[in-house]
Participant: 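Pasting a structure here, questions to come.
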Amino acid sequence: MKQSRPLPKNIELAPTLARRVQQLREFRNMTVRDVAKETRFPVQRVEELEQGVETWLSAADRQLLAKALSVEPMLLQEVEMRAIAGHHGGESQMLNHATTAQLSESILNGARDLECPDCGSTLKCSIQQGIDMDGFPIGLAKAFCIKCPFILR
């Protein structure tokens, strides 16, 4: 069970969402499974958050995660990053739509040993299951490079 104790005033919080989620989880003496249970996220999603595969959260997901970690949502939001065209601050250059669509299609069709378009290393690929606005199940392709900042969301 998580602790509701406040964070120490002198704690230096991690500069990325991935490290901050892990840091707060460990401070609360929680496992990945504990966080998954509290948020109702799949364990794999919590793991991906801590690996840096996801770098931003929807408002609802941020609220759930903040509540599970007993922190204000702003502590998570301040380190979230979205891919922005032409932005090079820690993330790779935005790929053209055709390349992104081709990678996504390959992942959704079961490919796992794909090359990073930025550096040529092998990508870590997965499919996140979700539900669209009409309640139908969908799969979302995700990938990240272990050698460079490339992320496909």
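Excluded from the calculations below are hydrogen atoms, water molecules and symmetry mates; all remaining heavy atoms, backbone and side chain alike, are included.
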Participant: Taking R20 for the side chain and P15 for the main chain, is one N or O donor matched with an acceptor at less than 3.5 Å?
Facilitator: no
Participant: Does the side chain of L75 reach to within under 4.5 Å of the side chain of L7, using non-hydrogen atoms?
Facilitator: yes
Participant: Heavy atoms, side chains only, cut-off 4.5 Å: are Q77 and L57 in contact?
Facilitator: no
Participant: Apply side-chain contact (heavy atoms from CB on, under 4.5 Å) to the pair L65 and V46, showing each step before the final yes or no.
Facilitator: CA-CA 9 Å; L65 186 57; V46 177; 5.9 Å; no
Participant: CD of E105: more than 12 outside heavy atoms within 6.0 angstrom?
Facilitator: no
Participant: Answer yes or no: is there a side-chain heavy-atom contact under 4.5 Å between V35 and L49?
Facilitator: no
Participant: Just by modelled atom types, is the S70 backbone N or O under 3.5 Å from a matching donor or acceptor in the R28 side chain?
Facilitator: yes
Participant: If you measure only the distance, is there a donor-acceptor pair under 3.5 Å linking the side chains of T31 and D34?
Facilitator: yes
Participant: Kindly give the heavy-atom pair with the smallest separation between T55 and G52, and that separation in Å.
Facilitator: CG2-O, 3.6 Å
Participant: How long is the gap from CD on E12 to CD on Q23, to the nearest 0.5 Å?
Facilitator: 8.5 Å
Participant: With a 4.5 Å cut-off on side-chain heavy-atom distances among I, L, V, M, F, W and Y, is there a chain of contacts connecting I138 to I127?
Facilitator: no
Participant: Quick one: are I131 and F136 in side-chain contact, heavy atoms under 4.5 Å?
Facilitator: no
Participant: I need the full list of salt bridge (Lys or Arg N to Asp or Glu O under 4.0 Å) pairs touching residues 48-65, with sequence neighbours left out, sorted by first then second residue.
Facilitator: R25-E50, R45-E54, R45-D61, E54-K142, R62-E80
Participant: Do W56 and L140 sit in the same hydrophobic cluster, where Ile, Leu, Val, Met, Phe, Trp and Tyr count as joined when their side-chain heavy atoms come under 4.5 Å apart?
Facilitator: no
Participant: Of all residues at least two apart in sequence or in a different chain, which pass the side-chain hydrogen bond (donor to acceptor under 3.5 Å, both in side chains) check with E26?
Facilitator: Q22
Participant: Roughly how far apart are S126 OG and F144 CZ, rounded to 0.5 Å?
Facilitator: 8.0 Å
Participant: Would you say that L17 contacts V79 through its side chain, given a criterion of any heavy-atom pair below 4.5 Å between the two side chains?
Facilitator: yes
Participant: Can D113 and L123 be said to form a side-chain contact (heavy atoms from CB on, under 4.5 Å), step by step?
Facilitator: CA-CA 7 Å; D113 293 325; L123 293 173; over 6 Å; no
Participant: What I'd like to find out is whether the side chain of C116 reaches to under 4.5 Å of the side chain of T122, using heavy atoms alone.
Facilitator: no
Participant: How about E78: does its CD atom have over 12 heavy atoms from other parts shown lying under 6.0 Å from it?
Facilitator: yes
Participant: Enter the distance from M74:CE to L76:CG here, rounded to the nearest 0.5 Å.
Facilitator: 10.5 Å
